[in-house]
Every structure is written in structure tokens, then in C-alpha cells.
Chemist: 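Just dropping this structure here.
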Amino acid sequence: MAAVDAHAEELLLGLNDQQRAAVVHPGGPLLVIAGAGSGKTRVLTHRVAWLVRTGQASLGEILAVTFTNKAAAELRERVGTLLGRSTRGLWVSTFHSACARIMRVEAERLGYTRQFTIYDADDAKRLVKRVLESQGADTRRFTPNAVAGRISEHKNRLRSVEQAAEQAAGFYDRTIVDAYRGYQAQLVANNAMDFDDLLGRTVDVLERYPEVRERYRNAFRHVLVDEYQDTNPAQYRLLQLLCMDDPMHLAPRDAGAEAHGADPDGFGPLAGEEPGHRNLMVVGDDAQSIYGFRSADIRNILDFEQDFPDAEVIRLEQNYRSTQRILDTANAVIANNRDQRPKRLWTDQGTGDPVRVRALPDDHVESRWVVGEIERLAGEGVPLGQMAVLYRTNGLSRLVETALTQADLAYQVIGGVRFFDRAEVKDALAYLQWLLNPANTVAFARIVNRPRRGIGDTTVGRLLAHAEALGVTPLQVIDEPAAAGLKTAAVRSVGRFAEQAAELRATMEAGATVADLLEAILKVTGYRAELEASSDPLDEGRVENLDQLHAFAQEFDAEDAAAYPDEERATLRPLDRFLQSTALLSDADQAEEAATGRVTLMTLHNAKGLEYDAVFLVGCEDGIFPHSRAIDAGELEEERRLCYVGLTRARKHLALTWARRRALYGPPQPQVPSRFLRELPVESLDEQSPEALSGAVQPTPRPRFERDAPGARSGGIGSIARGRGTGAGRSLADLGLRRGSEIGSAGRAAAADAEAAPTFSVGARVRHGKFGEGDVVAADDEVIVVHFDDHGERRLIAGFARLEAV
DNA sequence: TTCTCGGCTCGACTT
DNA sequence: GAGCCGAGAA
């Protein structure tokens, strides 16, 4: 280690032994298991500052990866404070932002231009839909949403189209692979990358081009990763490529037995050895791994020592946030998980108030109770900005918002419909995207008839087909619309659009600022005028949103003009950077600091990494939390970790509520308390809580088998049973199910493999979470009865009784 | 051919 | 409550 002067020693003041050990770690792979509230951000910031101050690395040689842009900004600021100087040159960003930045430089090697567009989930879905339609797939069975999800999973596991095709068995998988192939081709043709591509293509470019790999391996002498428990296989591979010895001979996670690097193009391994710096420090908590649905792999953190030989492991187990009662509660819940690293969190913050559980008669009363408690705590001096209401799904925020409004309390909602996801904002951004990247057909299709210009789906289809046939962009087609086979009316409409596009392109080429270009779009197209002339009261809000976007663009222009010129700036326009930053902003990035004096409402996922004096966890009902689809898919451990995340956000006050009746979609339904409530340790709860738990634990008796009159109860058992009857005589075993199989995981696997999947219906009802003891579900002509076992898990206990002539 | 309207279905978490 | 589809009007 370099000489440690007194100046550097200062950085170690106030750290506990474990934190200090992590900060001064001499080098090589390091895993810091950081329990909730154990000061991991401190460790990360001090580590970066330590590396710089002891001369082990300059700022420009450090890459720090965080989970959100906001966390990145915070990290950067705190490092700046510690060092007492500018942090220019330090790479601190999300995986996606870092990859986007690399791809802006390297994209041309892979057949994209530097102006490539980043597709968000919505854009991706639209493109998937178009591909499915063009391939003649049944989009009712293969919904764009589900298919996009499967494609995303392939990509996050770094499976190429070819690899996915090799593994595909059965009609279902093959349809997915066909969609994957078509979708990927369209992305390239559109000069666009989706979120997964940002990671995957960066891995590609590093694997295929030794000189590129060498450049980035040398550039980052130290790599630090926050929230490591939520990294996916693609991110894991990226870290291998950046840090480890001979990365081309290491097997990526989940790629099967074959080692990577055998590239058909002959790129790949260097002839000689590639020694890596191996300075990889990862920080995380396996108990807080909650992004499995995004293909995060908890094995990354559980298997770190095997993956990175002679790694050092440091545990941070002292919690500086919560009272002992809150920690006991969280510890008791997470103890029900099997797959985890054992740890004992402790605190010296004192016992604290008991945790409270309340059962309320319905969702309205629940909201009012929570708001009443917020008022009470506010009266005791807890600032509103130090209180949060958390829930599993965004839909639960509405009633709490209403109650807060009635009580005249200020609040902010994080998440829900993102600002950048609003239709009018996306329209405006799509204009910008298309002006910059005319190959972007998703943006083109979005804006060509918005505002209405008399260019309908038929015309758009012809234009796109014509462009594809010629191998040109839509921009090159609209100037001669007659060539695409359009009639006079459509020709005139498209002609007007072409004139507007030409005018806007001229404005862009003349070097207009982003804000001015945006303004030109809204004016030239008549977009704003139409909204302003509208009688729809919602359109007023839309105009406001566009004004807000304009203000955002102005702010961007000002900051961008003042920024330090570097290599990236030399080759990219401000508009490029603007679109990139808007594409990668997330909900959590909008969260304002607590000091703003407003109650915060958000999902449990968005609450990761935050803390509040008082936390209310509402909607603790089976089917909501844990979510019915998670129960169905056998993802209870992840739901439990989500619960752990929620509980550990609280410093002093923690309350959990459930409603006996709740109207979520449609009329109010009776609810059952969350199974997680039963895992809370009674010793930590107040005296009223047990009552709230004993409420309705007994399963409600239900008819064992009912067959409704057609249409009497949509989604009911009757509707599932109707219309089946092919594949007679199949047993549970034929369906890949056994007595005691968990509904959903096995059922889904069976459905995926079976050629006869269209008639497979186990879980159709289960997935909606509205079934109970004694319910009957039909699988082809088999009938399966649902029972609760001792653990309260829903399982298939018996499969019998041929269902004849339904 | 485009647009509007009523009836239908379908509902997680997110870079 | 929002998005999609088909029917019918412009």
C-alpha cells in the first residue's frame, strides 16, 4: 500500500472496525455483506476517497456502479465533500448509464451509429407487438408483454438468438425464439437498443474486440459495485471482463457448460494471458435481493467466494438506523428464508416502541387510520418528510392520497406513471428521437399521426412496409408518398407531415438548443395548439406537463453548455445526451430529500436504500403482499426479502396494516391477512396487535365445486372449465405435476413444454389470487382441488375426478 | 380510410 | 380504470 499520511488517516475516523477494514482493503476481490442500515454508503464513499488520497488510483481510474442515478449523484457528492475537491473524471453511474456511455463510443463496431436510440420498456413492447403480428403469431396467447419479458430474460442471461433456439423445446419456446430473432433484427434496423442491449452489447464489444477490452480494463483500476445482490448475469459478465484474469476463459453465469469466448467471427481471446487487476469490491445484502423478476441472480452474492477465488469477505452487522424491536421484527421474518447468508444485525439504539399491526374493516378505514397516525406523530414532532407509506403495488396509493388530501397534508408519490412515460411527454420525446435517428420506426409510428393529420394505421403500415422493402428510413419515403401506393387524400396528409419534418430538421441542423427545438416541434405540428383548444379538462394538465418538459430541457441546455468538454462531447450533440439522460432516469431518481416536509408514498421496491423515522406498510394481505403472481410462481422468498426491505426502512416507528375488505379491481372482496404478518415475533408487537392477527386466519369455507351459468361470473371456475376437453385422460404426471406441487411453478413449466398448451389452464384462476381452500381448478379434463398445507402455502393436494362433457 | 364510441378484457415490482 | 377491438358514421 502507498504511504498513508495523516491526511488519509482522517478518512478512517468514526468508522467501526469492519467498515475500516473494508475501506483500507489492500486490493483483490472484496465482498462486503452490508446488513440494512449498516453504513454501506459510508464505506463506499470512504473507500473511493481512500484510494485517491493514498495514491492508489486517480479519480479517473475508478468506476463506481450504483443502482439509481440518484444514488450515483449522492455518492459523487459525498466523495467530493470528503476529498474537498471536484470529482470530475470519476465514473459513478448505474450499470445502464455506464454501458450507454461506452456504447456511444463503440456502437459503430456493432453496426449502430452513435446516435442510436434507447428504447424503454414501452417502446420495446410496441416493437415486439409489431414483430409478432408480422409473424402471424396469436397475440392473445403470446401477449407482447409476456413475450417481451421472455426475450428480456434471454438477453439478461446473455443467450443469443442461436443459443435460445438450441434450448427451445416445443411450440411455445420456438415462437418466443422467432419473436426474439425478429425483434433483434428490427432493433438493429431501427438503430436502437433496449435496456438489456445496453448491457449485452457492451459485453459483446468487450468480448469481441481485445483492444477495446484492454482499453477499459486499463482505464478502470478499481471497480466498486453497490447493491450487488441485484446484479444479473449480464452485469456479472461485465465485471469479469473488466476485472479478472483471463476473462475469455471464465464461464459466465448460467451459460451452460461451454466456456465463453468461442466467437464465430474469430474475435475473442488474446493469444497470451490477460492478467486483470482483480480490484473488484462489491457491496450488498442478500436479504435485500428483490429484482429477480428482472433476472437479478441472488447466486451472484451467495457464491461470490467461489466465483472470485481468494476473495475477502467483510460483514457489517451493526445497524445504525433502527431500534432493536424493529430489527427483531425484520430478523424474525427473514429467518423464514432458506437461501441466505446467516447474519445477526444488532444495534445500540435501544429497544424502542413496539411494532404495531392493525386490521381495519376496509381499505377506506385503513387509509384514514394511517393518516390519523401520521397526524398524531406530526403532533409529537416527527416531521412529515420523515414519514413514508409503503405498499406492494402502485394501485394502493390512491386511497392514501385521498385521505392525505382530505387531511390537508402535503405528500409526494414516487413512481406510478412516470413523468417521462406520460403520453404527451413521450410524443414530444419521440419527435426528438426521430429527428435525430430517422431509422427509429417506433418513434415514427408514434408521431406520424399525432396530432391527428388523417394518417391512419393503414397508411402508416404502407409507409413502413415500403421503407423496409427499399431498405431505407421512413424519412426517405415520406417525400414521395405516392410511391408507397397511397391514394390522393393520404398523399396530401403525408405531404403536409413531410413539410413539417423538413422544417424541424432544418431547425435542428441549424444548431437549435434542445429547448428551442422542442418548442418548434410543439408549434410547427400544432400539437400545443390542439391541446389548448381542447375542452377536455385533462388536456390542461397535458399542456402543463409539456411546459415542465420544456423547462427541463432549458435546464439541461444551460448545464450542458457549462460542462467540461471531453472526448464524448466532441462527437455527440447535446440532443444525444438529452435523450440518453431522459431514457435512463428512473422513478427513484425523482425522490426529493426528506427536508421538503412532505409525506412520501411509494412501492417497496422504490424504498430500497431509503430510511424514515416512521414507516407504514399498508395492504398486508395475501394476494397483494405477497403478490398473487409471486405466490403462483413460487417466489415467496423474494417477497419475504421485499418485506424485510420494507421493515428495515423504519428508524423508530413501524406499523403494518391490512383491510378485511378491499376494492382493488371492481367490487370489494374479503381479504386474508398476509402470511408474513404471522411471522412477526409477538414479543416485538404491542398488545393490540395479536387481535389484528387472529381476525380472519381461518380459511373462508367455499363451495367445493360450482359451475356458473355462462357469463355469470367472469374469471370464475365455471369459465375455466368451459371449453376444455381435448387431450382426454391426461394424468397429473403427464402435466408434470405431482401431489403437493406448488401451483404455478410446476404448472407453468408444464404449460411451456406441452405442445397442447393452449388448453392448459391450471393457474388461470390461481394467478389472479382469488381462490381458497376447496377451490377446484381444471387442467384439460383433470380437476385439481386446492388445499392449504400447514405452512399456509397453496398447494395442489389432490388431482382426480375426470371432468366429463363440460 | 379515418375517427369515434361502446363493450370487452385485464390487471407487479423497474433499469 | 385503461387499452384493445369491432361496428358504424363521416
Chemist: Just to confirm, is there a sub-4.0 Å distance from OP1 or OP2 of B/dT14 to any side-chain nitrogen or oxygen of A/N606?
Modeler: yes
Chemist: Can you tell which of B/dT14, B/dC13, B/dT15 lies closest to the side chain of A/R392?
Modeler: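 Output: B/dC13.
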Chemist: Between P on B/dT1 and NZ on A/K487, what's the gap in Å once rounded to a whole number?
Modeler: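 Spelled out: NZ on A/K487 to P on B/dT1 is 5 Å.
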Chemist: Looking only at the side chain of A/A630 (C-beta and beyond, no hydrogens), which of the listed nucleotides C/dC5, B/dA12, B/dT14 gets closest?
Modeler: B/dA12
Chemist: Would you sort out whether A/D421 and A/K426 count as a salt bridge (Lys or Arg N to Asp or Glu O under 4.0 Å), showing the intermediate values?
Modeler: CA-CA 6 Å; A/D421 282 345; A/K426 285 213 74 169; 5.0 Å; no
Chemist: Look at all strands and tell whether A/N449 reaches a base, only sugar-phosphate, or nothing, counting heavy atoms closer than 4.0 Å.
Modeler: sugar-phosphate
Chemist: Describe the nucleic acid contact of A/I455 in one word from base, sugar-phosphate, nothing, applying a heavy-atom distance below 4.0 Å.
Modeler: sugar-phosphate
Chemist: Side-chain N or O of A/R462 less than 4.0 angstrom from OP1 or OP2 on B/dT1?
Modeler: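 So the side-chain polar atoms of A/R462 do come within 4.0 Å of the phosphate oxygens OP1 or OP2 of B/dT1, strictly under.
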Chemist: B/dT15, B/dA12, B/dC13: which one has an atom nearest the side-chain heavy atoms of A/F293?
Modeler: B/dC13
Chemist: Between B/dA12, B/dT15, B/dC3, spot the one nearest the side chain of A/R452, thanks.
Modeler: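 Output: B/dC3.
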Chemist: Relative to A/F67, does A/K608 satisfy both conditions: NZ or CZ under 6.0 angstrom from the six-membered ring centre, and within 45 degrees of the ring's axis?
Modeler: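 Yes; both conditions hold, so A/K608 lies above the ring face of A/F67.
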Chemist: Which listed nucleotide (B/dT2, B/dA12, B/dT14) is nearest to the side chain of A/T603?
Modeler: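 So the side chain of A/T603 is nearest to B/dT14.
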Chemist: Return the value, rounded to whole Å, for the distance between atom NZ of A/K426 and atom P of C/dA2.
Modeler: 18 Å
Chemist: To the nearest angstrom, how far is A/K155 atom NZ from B/dT15 atom P?
Modeler: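 Rounded to the whole Å, the gap is 18 Å.
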Chemist: Quick one: label A/Y291 by what it contacts on the DNA or RNA (base, sugar-phosphate, nothing), any heavy atom closer than 4.0 Å.
Modeler: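 If one applies the 4.0 Å heavy-atom cut-off, A/Y291 turns out to touch the sugar-phosphate alone, with no base involved.
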Chemist: Tell me which of A/R140 and A/T393 sits closer to the 5' end of DNA chain B, going by the nucleotide each one is nearest to.
Modeler: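 Comparing both residues, the 5'-ward one is A/R140.
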Chemist: Flag the pair A/L187 / A/M193 as yes when at least one side-chain heavy-atom distance between them is below 4.5 Å, and no otherwise.
Modeler: no
Chemist: Select base, sugar-phosphate, or nothing to describe what A/T459 touches, counting heavy atoms under 4.0 Å on all strands.
Modeler: sugar-phosphate
Chemist: I'd like to know if the side chain of A/Y228 pairs up with that of A/D285 as donor and acceptor (distance under 3.5 Å, no hydrogens or angles considered).
Modeler: no
Chemist: Side-chain N or O of A/R629 versus OP1/OP2 of B/dG11: is the shortest distance under 4.0 Å?
Modeler: yes
Chemist: Would you mind telling me which of B/dT14, C/dC5, B/dA12 lies closest to the side-chain atoms of A/N394?
Modeler: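 Output: B/dT14.
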Chemist: Strictly by Watson-Crick or wobble contacts shorter than 3.5 Å, is anything paired with C/dG1, and which nucleotide is it?
Modeler: B/dC10
Chemist: Kindly indicate whether a cation-pi arrangement holds for A/R101 with A/W91, taking the cut-offs as under 6.0 Å to the six-membered ring centre and within 45° of the axis.
Modeler: yes
Chemist: Using atom CD1 of A/I290 as one end and atom C1' of B/dT15 as the other, report the distance to the nearest whole Å.
Modeler: 13 Å
Chemist: Just to confirm, is there a sub-4.0 Å distance from OP1 or OP2 of B/dT15 to any side-chain nitrogen or oxygen of A/T68?
Modeler: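 Checking A/T68 against B/dT15: no side-chain N or O falls below 4.0 Å of OP1 or OP2.
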